[in-house]
Every structure is written in structure tokens, then in C-alpha cells.
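One structure is given here, and the rest of the page talks about it.
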Amino acid sequence: MVQTCIIGAGPAGLLLGHLLRAEGIDCVILERQTPEYVLGRVRAGVLEQVTVDLLERLGLDARMRDEGLPHNGFNLADGERLIRINIKELTGQEVMVYGQTEVTRDLMEACEARGLEVIYDVSDVVLHDIETDTPSVMYTKGGSKHRIDCRIIVGCDGFHGPSRKAIPAAVGKEYERVYPFGWLGILADVPPCNHELIYANHERGFALASMRSSTRSRYYVDVPVTEKVEHWSDERLWDELAIRLGPEAAVNITRGPSIEKSIAPLRSYVFTPMRHGSLLLCGDSAHIVPPTGAKGLNLAASDVHYAANALTHFFSRGASDAIAEYSDTALARVWKAERFSWSLTRLMHRFLDDGPFERAMQLAELDYIASSRAAQESLAENYVGLPV
Ligand code: RFL
Ligand code: PHB
């Protein structure tokens, strides 16, 4: 019997596991993949203060402080000019450019020393009796079946995991928007074309210039969801980036061979409630945002912040009200991040039925942002992350 069984050892599961262990709560994490596979996934790059604070609280921020890049601003581009949003001046805050892979590595490497047990390479994970105070999780490892009895299950198993699906259809409600395009991303060991991120809306489509360090760049362009990555040679992708990012950025692009190249579909999705009985959901298992606002990993972190507080109250004082309120508390922040990610996606991408009018509206909005401190403040406040 353990107090908590966490399903999924992505950033949400590992962060939560460490926070619970720090409070003396015992837990075990079940992960479908191997550690190498988890570390091989190239995902988020921008951390909000909430995520930085959690790593600091755990004392796992040393490498991020050394190697991460604090950014005071980011840029929007409309095909011709760069519009700089000075987030530091507008909000007093900054964001940290430090890859999800590195966050995950730091959390993984601390598990053994801190007594956080992660069981990798499990299959057939099934949740039982979540509507009771004595739930359990069944799984298979190395050909044999196992069972974990616990008091609370936390589903941190991403969009495709089994946890959300364990909540009866009559209880759950889904809100979804699927976009007609995906992001084709390239990772390359070349210096970034700009010291800050550039989100570009060009007539030919969206582009993003991002980075992982001063020697490693991450770029994206949007492509139809039906597109195949094989159709994009590195050269074709560099040519397209140079056009879409605009002349100022193009002259500074250094080309190089891709280390990774893949297409990620874009989706907005929210599942409610985020708790049912003895099961809590955190991160992508409950919601997905399009990557345009860099919110996915950070929302996972804010869910974990609320869940860790609720479980600490529950296990240390027997107070169940924080658990009862978890879903409403987490969703209030989730919906605002969904709104921001959706609106930035709408502003920066061409949609299938967009005509000259919609294009003119986007350009007018970008021009408004360029000229209005109020508009920039709102953008910056959302970009650095709303308070938890
Ligand atoms: P994860 O990372 O998907 O981890 C879930 C874990 O659960 C495991 N799992 C299972 N384990 C046991 N049994 C099962 N049956 C299981 N099924 C699944 C999985 O193997 C996995 O290890 O979810 P988590 O922890 O909630 O974290 C969420 C973030 O990973 C995600 O929101 C971000 O990566 C989104 N995202 C970004 N977020 C940001 O905050 N800033 C960014 O700049 C940013 N850029 C991005 C992104 C996501 C992208 N892709 C590929 C979707 C850029 C991209 C391209
Ligand atoms: C990334 O570096 O992968 C990245 C940065 C900003 C985003 C999305 C992805 O909005």
C-alpha cells in the first residue's frame, strides 16, 4: 500500500513525485516508456516563473541557473518588421529558455537520491475503484502482472494515457478544437538567428525561431496536417524559414544539418472535471494547448503545484477540502491559458477559410500591438504566465 500512485513520468509526474517526497508522502510512479525514450522526446523550450519556482523549491535548479537563458522579451513579426515585446519592462518578470528534455533529466537524475521510485517500461496500466477510498492500479512488467493499492491516483500520463479515460463518460465533459495545421520543427546545432524568440505571421504561413542554448536552435513552420516530414529536406525548411521570418532575421540564420525533425499536430482541448473520486489529473492528461503561447509544460507545472498542495493538506491533516477544490482551482488557470494560446494561434496562423479580410484583421491587430502599451502589457502578462 502506498499513499499515492502516479501514472506517467513526464515532467508532470516527476515534478509531483518530488514535491510529495519532499513532504514525506510516499508514492510510486509508473511509466510506459524507458528513461532513454522519455529523454529522446524534443518538446517545450520556455519556462514560466511557476515552473522555475518549483525547480528551485526542490533544489533542482542548479543546472537551469547555469545553462538556461533568461529572456527579457520576445518578438512578433509580420513578414516585414519585428515587434519587440519587452516582458521585463512590462511585467517585471522574465521567462527561462531551458528545454523540457533538460528539466526531465534533472528530475530523473534526482530520483534515486530522494527515494522517488519510478518503474519504467510497464504496460497494460489499468485503474480500478477510483470512486472509492481504496483505488488500485494494475500493470504488467517483464511479463508478470502487478497491483498497487493506494489512497490517491494521479494521472500524469499525457493526452493518450489511460487515466482520463477511467472517468465515466457520464461525468466528464470534453471541449476541443483541432487545427488544420501542425508545426514542423527542426533542431540543429547552429547559433540562433536572434537572441530572443521570433513568432512570425508571413503571407506564406507561421514560423517560430527559438533555441535551446547559444549553440543549439529550434525552428518551426506550420504545414497542413496531412503533410509528410519526408517532403521537407533540411534545405527546403531553411529556405522557408528565411522567407517567413522576414529580412531582419533571415540574414542571421545559420544553416546546419537537422538533429531532429518532426511534425506535431495542434489542438486545444480541456477535460472537466480534473478530479473524480480518488483520481486527480495533471498536465496533458487533462488539457492540451497549441504550442503558440509556450504554455503546455507550464500548465502541467501549475496543476502539479495545486495538486501537491492539496495532497499535502490531505495526507498531513486529513483535510479533504483542497482535494475537493482541486479541479476548480486548476481549471481557472487552465482556461485562461487555453484562451491565450488559442488567440495567439488565431493571430499568427493562416486558417483554411481565411480570405483577404481575415489577413487584414491579423495585420491590423499586429499593428495595434506594435503601437499600444496596453495591448503589449496584456500580451506580456499572459506570456510570462498568470499568477498561481
Ligand atoms: P507528457 O510529457 O506527455 O508525459 C506523460 C507521460 O506519461 C506516459 N504514459 C504512460 N505511462 C504509463 N502507462 C501509460 N499507459 C502511459 N501513457 C502515457 C508517457 O510515456 C509520458 O512519459 O505529459 P506531461 O507530463 O503532462 O507534460 C506536458 C508537456 O510535455 C507538454 O505540455 C509540453 O511539451 C507542450 N509543449 C510546450 N509547452 C511549454 O510549456 N512550452 C513550450 O515551449 C512547448 N513547446 C510543446 C512544445 C509540445 C510539443 N509537442 C511535440 C506536442 C513544442 C512541441 C513541438
Ligand atoms: C520551443 O522552443 O520548442 C518553443 C518555444 C516557444 C513556443 C513553442 C515551442 O511557443
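None of these values were measured; they are calculated from a predicted model.
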### Query
With a distance cut-off below 6.0 Å to the six-membered ring centre and an angular limit of 45° from the axis, does Arg339 pair with Trp342 as a cation-pi contact?
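No, Arg339 and Trp342 do not form such a contact.
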### Query
Would Arg244 count as a cation-pi partner of Phe206, with NZ or CZ less than 6.0 Å from the six-membered ring centre and within 45° of the ring normal?
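The answer is no; the distance or angle limit is not met.
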Just how far is it from atom [atom1] of [X] to atom [atom2] of [Y], taken to the nearest 0.5 Å?
{"X": "His18", "Y": "Leu116", "atom1": "NE2", "atom2": "CG", "result": "5.0 Å"}
{"X": "Leu19", "Y": "Leu311", "atom1": "CG", "atom2": "CG", "result": "10.5 Å"}
{"X": "Ile148", "Y": "Ile7", "atom1": "CD1", "atom2": "CD1", "result": "8.5 Å"}
{"X": "Leu379", "Y": "Leu76", "atom1": "CG", "atom2": "CG", "result": "6.0 Å"}

### Task
Can you label the angle between the Phe351 ring and the Phe181 ring as parallel, tilted or perpendicular, going by 30° and 60°?
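Perpendicular, since the angle between the ring planes exceeds 60°.
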### Task
Hey, can you tell me if Tyr139 and His146 have their rings parallel, tilted or perpendicular (30° and 60° cut-offs)?
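Tyr139 vs His146 ring planes: parallel.
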What closest approach, in Å, do [X] and [Y] show between heavy atoms, and which atom pair accounts for it?
{"X": "Ile263", "Y": "Lys228", "value": "CD1-C, 4.0 Å"}
{"X": "Asn298", "Y": "Arg333", "value": "O-NH1, 4.1 Å"}
{"X": "Thr132", "Y": "Ser278", "value": "O-OG, 2.5 Å"}
{"X": "Asp78", "Y": "Leu363", "value": "CB-CD2, 4.1 Å"}

Check whether any side-chain N or O of [X] sits under 3.5 Å from a backbone N or O of [Y] as a donor-acceptor pair, and report yes or no.
{"X": "Ser213", "Y": "Arg216", "value": "yes"}
{"X": "Ser341", "Y": "Glu338", "value": "no"}
{"X": "Thr101", "Y": "Arg41", "value": "yes"}
{"X": "Arg21", "Y": "Ile25", "value": "yes"}
{"X": "Lys261", "Y": "Leu237", "value": "no"}
{"X": "Thr91", "Y": "Lys88", "value": "no"}
{"X": "Tyr306", "Y": "Glu325", "value": "no"}
{"X": "Lys295", "Y": "Ile288", "value": "no"}
{"X": "Glu48", "Y": "Val50", "value": "no"}
{"X": "Gln3", "Y": "Asp26", "value": "yes"}

One thing to verify: whether [Y] and [X] come together as a salt bridge, which I'm taking to mean a side-chain N less than 4.0 angstrom from a carboxylate O.
{"X": "Glu89", "Y": "Arg373", "answer": "yes"}
{"X": "Glu56", "Y": "Arg65", "answer": "yes"}
{"X": "Asp367", "Y": "Arg81", "answer": "yes"}
{"X": "Arg236", "Y": "Asp234", "answer": "no"}

Pair [X], [Y]: side-chain N/O donor-acceptor within cut-off below 3.5 Å:
{"X": "Arg359", "Y": "Asn201", "value": "yes"}
{"X": "Glu240", "Y": "Trp232", "value": "no"}
{"X": "Glu174", "Y": "Tyr269", "value": "yes"}
{"X": "His349", "Y": "Asp354", "value": "no"}
{"X": "Gln33", "Y": "Asp121", "value": "no"}

Just wondering, are more than 12 heavy atoms of other shown residues or ligands nearer than 6.0 Å to [atom1] in [X]?
{"X": "Glu235", "atom1": "CD", "result": "yes"}
{"X": "His71", "atom1": "NE2", "result": "yes"}
{"X": "Phe159", "atom1": "CZ", "result": "yes"}
{"X": "Glu176", "atom1": "CD", "result": "yes"}

### Query
Given the rule in the side-chain contact (heavy atoms from CB on, under 4.5 Å) test, do Leu208 and Tyr219 qualify, once you have shown the distances and angles that lead to the verdict?
CA-CA 6 Å; Leu208 168 61; Tyr219 290 95; over 6 Å; no
### Task
Please lay out, stage by stage, how Leu187 and Arg212 fare under the test side-chain contact (heavy atoms from CB on, under 4.5 Å).
CA-CA 9 Å; Leu187 188 70; Arg212 291 290 175 274; 4.0 Å; yes
### Message
Please evaluate residues Tyr220 and Leu184 with respect to the criterion side-chain contact (heavy atoms from CB on, under 4.5 Å), reporting the C-alpha separation (whole Å), side-chain torsions for both, the decisive distance (0.1 Å), and the verdict.
### Response
CA-CA 5 Å; Tyr220 300 91; Leu184 166 63; over 6 Å; no
#### Entry: Sub-6.0 Å ring centroid separation between Tyr383 and Phe74
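Close enough - the centres of the two rings lie under 6.0 Å apart.
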